[in-house]
*Asks:* 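Mind looking over this structure? Questions follow.
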Amino acid sequence: MESLIVQASGSGNNIIDVYPDRVELRSGWQSQNREAIDHRDISSVEVKGLVNCVLTLETNKGRLVRLENLALGEARKIKTSIELQKSRAAQQS
Amino acid sequence: MRRLGLLLTATLALVLALPAVALAQEEMSPAEIGATMDTMWVMVAFVLVLFMQAGFAMLEVGFSRMKNVGNVVAKILANMAVGALVFWAIGFGIAFGAGTPFFGLEGWFLSGNIDAGTIPLSMLFIFQMAFALVALAILWGTMLERTKFSVYLIFAVIFVGIIYPMGAHWIWADDGWLAALGKQDFAGSTVVHLSAAMAALAGTIIVGPRLGRFDDNGRPQLIPGHNMPLAVLGVLILWLGWQGFNPGSTLAATTEIADIALTTNLAAAAGVLGAIIVCYLYRGHIDVGMAGNGAIAGLVAITATCAFVAPWASVVIGFIAGGVMYGTAVLMERMGIDDPVGAIAAHGMGGVWGTLSAGLFTTPELAEANGGLPGLFYGGGLTQLGVQAISMFSVAGFTFFASLAVFAVLKATIGIRVKPDQELNGLDISDHGSYGMSEGLVATDNYPGNGNGQYTEAPVKTPEGRS
């Protein structure tokens, strides 16, 4: 069982899970869509807003993933965790 | 044998004579007897209103999924505890203490000289405390199955301590600004039900819908409650409790309570029929939960007017409340608002319609006896209807925006929603460490994705080309 670092749900049944090596996105009414993005494929993470926050992930290929209506604390934790994992991976390599 | 007989006779005589001796020594005046009767009646009414908490518990349990029922009842218990203490400390003073037209400035911890009429102040307090707890129970029914337990407790302090008492002061305190205008709200359609529903609406907007409540195209998907008999039992307990809620608001043992009980029950019955008929016309079947909410909507609507209207009018008020409730529930769904128990529709629109109906149906005789002016249909003109509309907009607006601000601050600081896995696996285990119902009673249904049953993970895709 991999250790989940942090997770949050946004509007539209979207869920984001942050693991040590990747981010997983779950979406769909019955969480039927599930995809993983390696931390090394994420170029930037942004948080906008104060109450209903928008978390935007940008991949190296220019794809934007937006999660809306997140709580500020959760969005910040996700951003911090991804950045921390990326910097750890950079130090190890 | 003879000695035993004498002993028994003497004992019997003493037992029979003692109460008479006691009464002879402390003869009660008619006023004292009246006050005692009033206190006894309000005590009975308080017990009935407090019993409504059991009704809310069963209603919410029935409408929840099995994995969350322990959380639901824990929340009811915790809120009763927090609400009672906070209302004793500050809420009652703000609601009923003298001060400004907007809030009271005395009566903290039941101190001060608050006028309780013929009943003791402590009796008035616990009766009103039960009302505040009802408002709190209504509020949380809409945010079930995804709200953090700590949010229940923190918001309960603010709602019962400040927000709810301010609306109560405006309408029920002697120096309240809406009371001065002649606002009619006999037992709290506006004060209790509408204000609770508005706070609930604010919270529901901020917390968002449950996972799986709307599909990928935003269309509403049914998340059925796990036990309709329990939900209907809850409605029946609430209906029973309303016999204390409305007639008890006389705060005196008068013959008027019979008429109030009559209008109350006629409205509830008509509310059920109104909801059933509209539901059948719209969907082609009778939704059990909506029929129950029809009864509640009828009861909420008549709560403002129970002492002001004729029996025929209570039937009209209840019937319209039931129908309007159903329409509001459908509208809420279409707007993307997830209210698991339908409290916003039943208590919110019931409260709006009940408040306005006083301006339409109040009879001249009952207005003279209980305050305010006759309604539009009795030649009273638009004055009372205008007062009712002002009170409805002001209390609803204040409660909604104050609650929205508090929920927004909570979301921006501690967060108000549980983690997705907690929501999908149920709050009983994550928040309370044990199932609310037996582990043997596992729900077997077709809703795995929205967490009703065992959650199974979908396979992972890796769009960036790595595995």
*Asks:* Counting heavy-atom pairs under 4.5 Å with chain B, which one of A:Val6, A:Leu25, A:Val51 comes out on top?
*Replies:*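 The option with the most such pairs is A:Val51.
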*Asks:* Against chain B, label A:Ile16 side chain, backbone, both or neither, depending on which of its atoms sit under 4.5 Å from a heavy atom there.
*Replies:*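 Neither part; nothing is under 4.5 Å.
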*Asks:* Which residue out of A:Cys53, A:Gly10, A:Gly28 racks up the most heavy-atom pairs below 4.5 Å with chain B?
*Replies:*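 With the most close heavy-atom pairs to chain B, the winner is A:Gly28.
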*Asks:* Can you measure from CD (B:Glu333) to CZ (B:Arg219) and round to the nearest 0.5 angstrom?
*Replies:*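 Output value for this atom pair is 13.0 Å.
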*Asks:* Identify, with sequence neighbours excluded, every residue that meets ring pair (Phe, Tyr, Trp, His ring centres under 6.0 Å) alongside B:Phe401.
*Replies:*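 Scan of B:Phe401 (ring pair (Phe, Tyr, Trp, His ring centres under 6.0 Å), adjacent residues dropped) gives none.
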*Asks:* Where on B:Arg146 is there a heavy atom nearer than 4.5 Å to chain A: the side chain, the backbone, both, or neither?
*Replies:*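 Neither part; nothing is under 4.5 Å.
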*Asks:* Flag the one option from A:Gly12, A:Gly73, A:Ala8 with the top tally of heavy-atom pairs under 4.5 Å to chain B.
*Replies:*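 Ranked by contacts with chain B, first place is A:Ala8.
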*Asks:* side-chain contact (heavy atoms from CB on, under 4.5 Å) with B:Lys419: which residues, sequence neighbours excluded?
*Replies:*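 If we apply the side-chain contact (heavy atoms from CB on, under 4.5 Å) test to B:Lys419, skipping adjacent residues, the hits are A:Gln7, B:Gln422.
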*Asks:* Can you measure from CG (A:Leu57) to CZ (A:Arg66) and round to the nearest 0.5 angstrom?
*Replies:*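 One finds 11.5 Å between CG of A:Leu57 and CZ of A:Arg66.
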*Asks:* Between B:Asp216 and A:Gln32, does any side-chain donor sit less than 3.5 Å from a side-chain acceptor?
*Replies:*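 There is such a pair (donor and acceptor under 3.5 Å, judged by atom type) between the side chains of B:Asp216 and A:Gln32.
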*Asks:* For A:Asn14, enumerate each residue passing the side-chain hydrogen bond (donor to acceptor under 3.5 Å, both in side chains) test, keeping only those at least two apart in sequence or located in another chain.
*Replies:*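 Counting only residues at least two positions away or on another chain, A:Asn14 forms no side-chain hydrogen bond (donor to acceptor under 3.5 Å, both in side chains).
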*Asks:* Apply ring pair (Phe, Tyr, Trp, His ring centres under 6.0 Å) to residues B:Tyr152 and B:Trp140 and explain how you reach the verdict.
*Replies:* CA-CA 8 Å; B:Tyr152 289 137; B:Trp140 293 132; 4.8 Å; yes
*Asks:* Only heavy atoms, only distances under 4.5 angstrom. Which residues in residues 405-416 of chain B are near chain A?
*Replies:*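 Listed by number: B:Ala408, B:Lys411, B:Ala412, B:Gly415.
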*Asks:* Yes or no on side chain to side chain contact (heavy atoms under 4.5 Å, CB included) for B:Val160 and B:Val82, after CA distance, side-chain angles and deciding distance?
*Replies:* CA-CA 9 Å; B:Val160 174; B:Val82 172; over 6 Å; no
